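Worksheet for the structure shown next.
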Amino acid sequence: MSRTTTPMAEFAFPDAGDLEAISRLANAFFRALPGAPVAGLAPGLPSGLESGPQSGLTPAGVLPSIPAAVPMPGMPALGTGIPNEAALLALLATSPAQARTMLPQLPGGLPYFLGEARAGRPDAAVPGFAAPTGCDVPAVRRDFPLLAERVHGKPLIWLDNGATTQKPRAVIDRLAYFYEHENSNIHRGAHALAARATDAYEAARESVRRFLNAGSAEEIVFVRGTTEGINLVAQSWGKRFIGPGDEIVISWLEHHANIVPWQMLAEQVGARLRVAPVDDDGQVILEEYGALLGPRTGLVAFTQVSNALGTITPARTMIEMAHHAGARVLLDGAQSVPHMVTDVQALDCDWFVFSGHKLFGPTGIGAVYGKRAVLEESPPWQGAGNMIRDVTFEHTEYHAPPARFEAGTGNIADAVGLGAALDYVRKIGLEAIARHEHDLLVHATRLLDAIPGLRLLGRARDKAGVLSFVLDGVPTEDVGRLLDAEGIAVRAGHHCAQPILRRFGVEGSVRASLALYNTHADIDALAAALQRIRSARPAAG
């Protein structure tokens with residue numbers, strides 16, 4: 001993870017008396033700084049600040065010696081070396097201004113948030129606290145109008161983010177502005193609105209390039225989403241370069257969208273589909289994956305994050321192994337782009353595909369990144385206007401990429417909306433989002449593990465915010481329906497990933513998937529509702 005420096009002035013300190021925010025802020029420092037185990041808080045702390053899982057104050061270390069400050073009533077002076085945790089809490093509770101001037105003097109400043117303590121601390125979790133430009137969850141939630149909706153008379157708790165995410169006001173407003181002020185077809189018009197629309201569309205392409213760290217905007221092709229992007233590669237590059245006897249390697253983790261197009265291609269050209277297995281935790285078995293690669297391997301396609309289990313695959317390693325065997329690699333980023341920084345140049349994949357609607361953007365829009373050389377050697381897969389340079393009845397000349405792959409009038413407005421979504425996420429920061437979601441995942445895993453008869457599917461060491469589970473004695477569809485009655489939206493079914501669920505011996509599961517606007521309260525409500533469902537339906541036998 002990259003390391004950044006953020007001035008102390010940019011950090012928001014809680015108001016005096018805001019005990020929940022104070023506890024979360026203090027937790028950030030305790031987790032970030034090494035030291036001896038915390039013995040516990042001193043007596044006399046305000047109610048609600050006691051250490052323990054409910055307070056968010058996980059005893060992970062004690063603050064080192066701090067420069068002396070005015071002691072608080074009933075508290076030891078800062079710098080005395082005894083319980084500094086309690087003294088800091090008291091200081092935060094009564095004098096945030098003094099805390100602001102003192103905290104930068106701590107060894108390392110704010111090492112967790114400045115990135116200095118993150119490396120090697122994958123289990124560090126800081127609930128709730130962030131800089132204003134980071135994942136300030138209450139502020140983020142206010143950006144999403146639909147989160148204020150009520151369902152069946154209950155406040156909506158949206159835990160179906162793996163299927164689609166809600167949209168921030170910035171995206172909604174950008175779409176409205178386009179239709180009110182810029183709406184036109186692009187590239188060919190000679191009037192002002194055509195120029196505005198073209199500029200907005202190409203600015204969105206540049207936003208995608210920047211978000212993925214592609215080398216050029218000409219390596220970005222707009223499509224309807226991940227599914228269309230994979231089909232584009234299969235029917236364009238695949239039909240030209242995959243032939244009889246060649247092999248296409250995928251994994252057991254794949255969404256149907258990264259299985260069916262390759263099956264179709266294999267049937268069309270006489271190729272063979274091979275599948276890399278996973279272990280009982282849902283992780284790709286690299287040794288067996290490597291054994292599948294050989295001189296007949298023409299293409300490898302796999303997901304960066306499993307939509308059914310949340311497994312984060314070792315993408316860079318798998319790509320290197322495939323390239324060593326001489327294969328091209330497509331990486332499915334549909335479930336990874338909302339949760340982690342994407343750098344296609346560092347990954348070195350040949351294609352990267354994702355959908356906008358899983359990344360707080362509109363539906364019906366996504367993008368394919370392709371290395372310039374790979375796009376240039378690929379024929380168009382659809383023919384129409386916009387992708388041609390010259391047409392006669394005898395011959396057609398095609399534009400260079402990316403126009404070659406964008407036949408007809410594209411989804412102009414939603415491409416512009418996607419650009420707004422990427423700008424929104426970039427402003428918050430994917431590293432801040434990842435920290436917040438990881439904390440939620442740890443909290444949710446602990447609570448769900450405590451529910452009798454609940455079985456979590458997939459316990460990969462590296463995992464995104466996906467919790468897929470079955471509840472003994474209760475059909476998955478019933479669980480989804482009962483949760484919906486309490487305003488909790490989850491996914492129930494096979495998630496378009498039947499092979500991996502069958503690998504775990506089930507035909508379907510309930511999936512709760514997390515996003516930047518979810519909270520501990522959302523997770524608590526889910527766990528409480530599942531406890532009630534479980535209690536009402538005792539396990540058979």
Side-chain angles (χ1 to χ4, degrees), residues 19-21 23-24 27 48 52-58 125-130 135-166 310 338-339 433 435-457 463-493 495 509-537:
L19 302 184
E20 181 179 4
S23 71
R24 290 174 176 170
N27 189 42
Q54 299 306 314
S55 70
L57 290 173
T58 305
V126 183
F129 174 73
C135 196
D136 180 353
V137 180
V140 166
R141 288 182 63 83
R142 290 192 292 271
D143 289 340
F144 290 80
L146 202 141
L147 296 182
E149 193 77 8
R150 297 183 73 84
V151 176
H152 306 306
K154 307 288 182 64
L156 172 66
I157 297 175
W158 187 258
L159 294 172
D160 195 18
N161 297 288
T164 197
T165 52
Q166 299 306 331
H339 308 297
I433 292 170
R435 288 195 296 268
H436 170 64
E437 290 179 353
H438 178 75
D439 177 49
L440 292 178
L441 178 64
V442 170
H443 180 60
T445 301
R446 183 173 64 248
L447 292 185
L448 297 193
D449 271 341
I451 299 174
L454 188 147
R455 175 192 170 203
L456 278 171
L457 307 178
K463 184 175 175 180
V466 175
L467 297 124
S468 191
F469 59 90
V470 292
L471 196 59
D472 186 26
V474 190
T476 57
E477 293 79 6
D478 287 357
V479 176
R481 177 177 52 81
L482 292 167
L483 290 174
D484 176 62
E486 301 204 31
I488 302 172
V490 296
R491 182 80 17 176
H495 320 307
S509 73
V510 181
R511 184 187 69 188
S513 46
L514 307 173
L516 59 88
Y517 41 60
N518 289 126
T519 66
H520 280 72
D522 292 344
I523 302 303
D524 294 343
L526 171 67
L530 289 170
Q531 286 278 19
R532 290 191 290 273
I533 293 169
R534 180 68 182 83
S535 298
R537 303 220 189 160

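Side chains included, hydrogens not; waters and symmetry mates left out as well; all remaining heavy atoms used. All values derive from a computational prediction rather than experimental measurement.
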Practice prompt. Give the minimum heavy-atom separation between Gln166 and Phe144, together with the two atoms involved.
Written response: O-CE2, 3.3 Å
Worksheet item: If you round to the nearest 0.5 Å, how far is CG of Leu516 from OG1 of Thr165?
Response: 8.5 Å
Discussion item. Can you give me the closest heavy-atom contact between Ile433 and Pro338, atom names plus distance?
Written reply: CG2-O, 3.8 Å
Practice prompt. Please report the closest heavy-atom contact between Ser509 and His495, naming both atoms and the distance.
Written response: OG-NE2, 2.8 Å
Discussion item. Under a 3.5 Å distance rule, please check whether Asp449 uses its side chain to pair with a backbone N or O of Arg446 as donor and acceptor.
Written reply: no
Response to the item:
Arg534 and Pro452 have their tightest heavy-atom pair at NE-O, 2.7 Å
Worksheet item: If you measure from CZ on Phe469 to CG on Leu526, what distance do you get to the nearest 0.5 Å?
Response: 5.5 Å
Worksheet item: Atom CG in Leu440, atom CZ in Arg435: separation rounded to 0.5 Å?
Response: 13.0 Å
Practice prompt. From the options Leu471, Ile488, Ile533, select the one residue that forms a side-chain contact (heavy atoms from CB on, under 4.5 Å) with Leu482.
Written response: Ile533
Discussion item. How long is the straight-line distance from CG of Leu147 back to CZ of Arg141, given to the nearest 0.5 Å?
Written reply: 5.0 Å
Response to the item:
In Ile157, Val490, Leu159, the residue satisfying side-chain contact (heavy atoms from CB on, under 4.5 Å) with Leu483 is Val490
Worksheet item: Closest approach of Thr164 and Trp158, non-hydrogen atoms and distance?
Response: O-NE1, 3.1 Å
Worksheet item: Which value, rounded to the nearest 0.5 Å, describes the distance between Asp524 atom CG and Leu447 atom CG?
Response: 6.0 Å
Fill in: Side-chain ion pair, Asp478 and Arg481, N-O less than 4.0 Å
yes
Discussion item. For Arg511, run the side-chain contact (heavy atoms from CB on, under 4.5 Å) check against Leu457, Thr476, Asp160, Asn161 and tell me which one passes.
Written reply: Asp160
Worksheet item: At what distance, to the nearest 0.5 angstrom, does CG of Asp136 lie from CZ of Arg142?
Response: 7.0 Å
Item to complete: Would you mind reporting whether Ile523 and Asn518 have side-chain heavy atoms less than 4.5 Å apart?
Response: no
Item to complete: Going by the side-chain contact (heavy atoms from CB on, under 4.5 Å) test, name the single residue among His339, Lys463, His436 that passes it with Leu441.
Response: Lys463
